2 protein chains.
Amino acid sequence: MVDGEPTGERAGATRRRPGLSRAAVLDAALELVDRGGLAQLSMRRLGASLQVEAMAIYRYVRSRDALLDGLVDRVMDQLYADPAVLLQEGDDWADFLRRVADGVRRVARQHPQLFPLIATRPPAAPWVRPPLRSLRWVEGFLTGLQSRGFSEDGAIYAYRAFASFLVGHLLLEVSAKGVDPVPTEPTGPPPPDVDLSAYPELQRLAPRLAVEDLDEEFAHGLEDLLERIGERARLARP
Amino acid sequence: MVDGEPTGERAGATRRRPGLSRAAVLDAALELVDRGGLAQLSMRRLGASLQVEAMAIYRYVRSRDALLDGLVDRVMDQLYADPAVLLQEGDDWADFLRRVADGVRRVARQHPQLFPLIATRPPAAPWVRPPLRSLRWVEGFLTGLQSRGFSEDGAIYAYRAFASFLVGHLLLEVSAKGVDPVPTEPTGPPPPDVDLSAYPELQRLAPRLAVEDLDEEFAHGLEDLLERIGERARLARP
DNA sequence: GACAGGGTCCATACGATGTAAACACGTCCG
DNA sequence: CGGACGTGTTTACATCGTATGGACCCTGTC
């Protein structure tokens with residue numbers, strides 16, 4: 001049983017493989033999810049895409065759930081590392097929030113299949129009210145605002161309002177782009193459009209509901225939110 | 001094989017069972033999900049809870065996914081049937097939206113395990129921008145607003161802003177309540193609280209982040225939103 | 001150079017899952 | 001009485017997550 005190539009590969013295991021790593025695993029998983037959706041992410045498939053048996057993955061990840069958490073954290077953390085997002089010396093808090101919002105939105109559109117998880121997975125610290133994952137991120141947010149003159153209450157309020165605004169908008173934005181369809185078809189024909197005859201108003205307004213001014217709407221909502229946050233901050237710290 | 005009771009029941013099938021029905025299936029599924037979470041909803045378990053073999057369920061539901069969609073629709077539709085939510089003759093649009101918001105929030109808290117699905121599942125008509133499921137519901141929303149003097153654009157804008165506000169707030173609210181934990185423990189001890197030493201600001205503000213003034217915050221955000229919607233409507237229809 | 005130790009990956013196995021297909025039974029209509 | 005039909009059961013299969021134990025390679029020590 002020393003030779004004879006049972007898997008079609010040189011059975012001799014580790015040979016000159018670049019070697020797995022947690023990062024490699026996460027990246028491969030992320031790619032699987034991005035095209036194909038969450039359902040495509042099985043340990044065996046992930047293994048195959050890394051040219052490795054499924055069980056090898058467990059060296060780098062405790063379980064499939066942990067893998068998912070890892071994905072979420074990785075994506076969020078890479079956002080945190082994005083220089084275009086970090087708060088910079090010269091800008092005020094509103095600029096900071098705008099940049100963060102843009103960054104998160106970019107993440108949502110890059111990984112639409114993953115985003116629902118980001119908004120949905122039980123967070124590491126559930127008592128952090130709006131649990132936007134990545135504690136590091138929350139920390140940065142809070143200190144960032146406070147260093148920009150926010151009171152503690154103001155920062156907390158801002159964090160909550162901001163997080164829920166982002167999640168709400170982006171989740172809907174993402175779920176509107178066909179997120180779930182089976183991956184066998186790269187982009188098969190959309191499901192045979194539903195019968196709308198029972199919903200006249202919906203039918204009549206359909207074109208306009210489908211309209212794509214999401215950019216404008218997002219921006220508008222964000223400015224609105226910033227104004228609200230600013231007001232509140234002013235109240236809390238006269 | 002004609003007798004001998006393989007399942008512990010009278011094998012003779014249909015006998016005097018109340019008989020399954022789509023409604024019964026959905027109700028049982030909903031109960032399974034409510035206590036135990038989505039992961040507990042397997043066809044076999046659902047079958048068992050209906051005293052039926054798993055495959056019997058497929059007479060009433062095309063697949064597990066369809067089951068989930070059915071759950072979402074059922075919950076949303078029952079909201080639509082709620083007399084406390086329907087718009088009534090005397091009230092203006094703001095009252096209507098307030099009541100809808102309360103209704104959806106009630107749903108979210110009654111079925112916290114299901115709510116992420118509501119916000120997440122690919123909608124029947126993906127082109128309806130914020131896809132709040134239940135087309136019937138959207139229809140009611142649009143006609144309701146328009147009959148209250150909203151322009152078409154105003155109604156559409158209101159729908160979008162309203163839906164994303166609701167989803168954002170409620171999703172975070174729900175996911176903060178431990179949603180996912182394994183169901184074996186009715187309410188086991190919360191996961192061994194994360195180590196926060198790396199995040200001083202977070203640690204310092206933790207008590208306040210955990211604070212439970214969600215009611216107030218929700219109400220505040222809602223009023224704010226209503227104001228914004230009203231403004232926009234006024235612009236569109238001078 | 002030999003050899004022990006440990007890290008990495010493989011092979012195998014088990015129970016659970018979603019669901020297709022064929023079948024059994026009870027009811028009702030002719 | 002006989003078939004059609006609807007409802008639930010049986011059996012089967014592919015796939016999943018993962019526990020366990022063994023095979024291989026690399027490295028460090030003598």
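Values reported hereafter were calculated over all heavy atoms of this structure, with side chains retained and with hydrogens, waters and symmetry mates removed. Here the structure is a predicted model, which is why all the values come from computation and not from measurement. Per chain, numbering begins at 1; letters A, B, ... match sequence-line order.
- Atom CD in B:Gln40 sits about 13 Å away from atom C1' in C:dT17, given to the nearest Å.
- Here the side chain of B:Arg64 pairs a donor or acceptor atom with the backbone of B:Leu41 at under 3.5 angstrom.
- When every heavy atom of A:Leu46 is checked against every heavy atom of A:Ala29, the shortest pair comes out as CD1-N, 3.5 Å.
- Under the salt bridge (charged side-chain N to carboxylate O under 4.0 Å, His left out) criterion, A:Asp102 pairs with no residue, sequence neighbours left out.
- Residues satisfying the salt bridge (charged side-chain N to carboxylate O under 4.0 Å, His left out) criterion with B:Asp34, sequence neighbours excluded, are absent altogether.
- Where the helix from C:dG1-D:dC30 to C:dG30-D:dC1 starts and where it ends, the local axes point in directions that differ by 20°; five pairs per end, rounded to 10°.
- In terms of the ring pair (Phe, Tyr, Trp, His ring centres under 6.0 Å) criterion, residue partners of B:Phe141 (sequence neighbours excluded) are, by chain and number, B:Trp137, B:Tyr159, B:Phe162.
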Polar atom pairs between nucleotides 12-15 of chain D and protein, under 3.5 Å, N or O only, would you list them?
none

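- For A:Arg74, the salt bridge (charged side-chain N to carboxylate O under 4.0 Å, His left out) criterion is met by A:Asp27, not counting sequence neighbours.
- For B:Tyr157, the side chain to side chain donor-acceptor pair (under 3.5 Å) partners are B:Arg228, not counting sequence neighbours.
- Counting non-hydrogen atoms under 4.0 angstrom, A:Leu67 reaches nothing in the nucleic acid.
- With sequence neighbours left out, the salt bridge (charged side-chain N to carboxylate O under 4.0 Å, His left out) criterion links B:Arg22 to no other residue.
- Taking atom CE of B:Met43 as the reference point, atom C1' of D:dG8 lies 14 Å away to the nearest angstrom.
- For the side-chain contact (heavy atoms from CB on, under 4.5 Å) test, residues two or more places apart in sequence or in another chain that qualify with B:Ala66 are B:Arg62, B:Ser63.
- Within residues 57-64 of chain B, the residues approaching DNA chain C are B:Tyr58, B:Ser63, B:Arg64, by heavy-atom distance under 4.0 Å.
- The nearest whole Å value for the distance from the CG atom in A:Leu41 to the P atom in D:dT18 is 11 Å.
- Listed by first and then second residue, the salt bridge (charged side-chain N to carboxylate O under 4.0 Å, His left out) pairs involving residues 37-48 of chain B amount to none (not counting sequence neighbours).
- In this view, A:Phe218 and A:Phe165, A:His169 satisfy the ring pair (Phe, Tyr, Trp, His ring centres under 6.0 Å) rule, not counting sequence neighbours.
- Whole-Å rounding puts the A:Leu20 CG to C:dC10 C1' distance at 13 Å.
- A:Glu53 has its CD atom 14 Å from the P atom of D:dG17, to the nearest Å.
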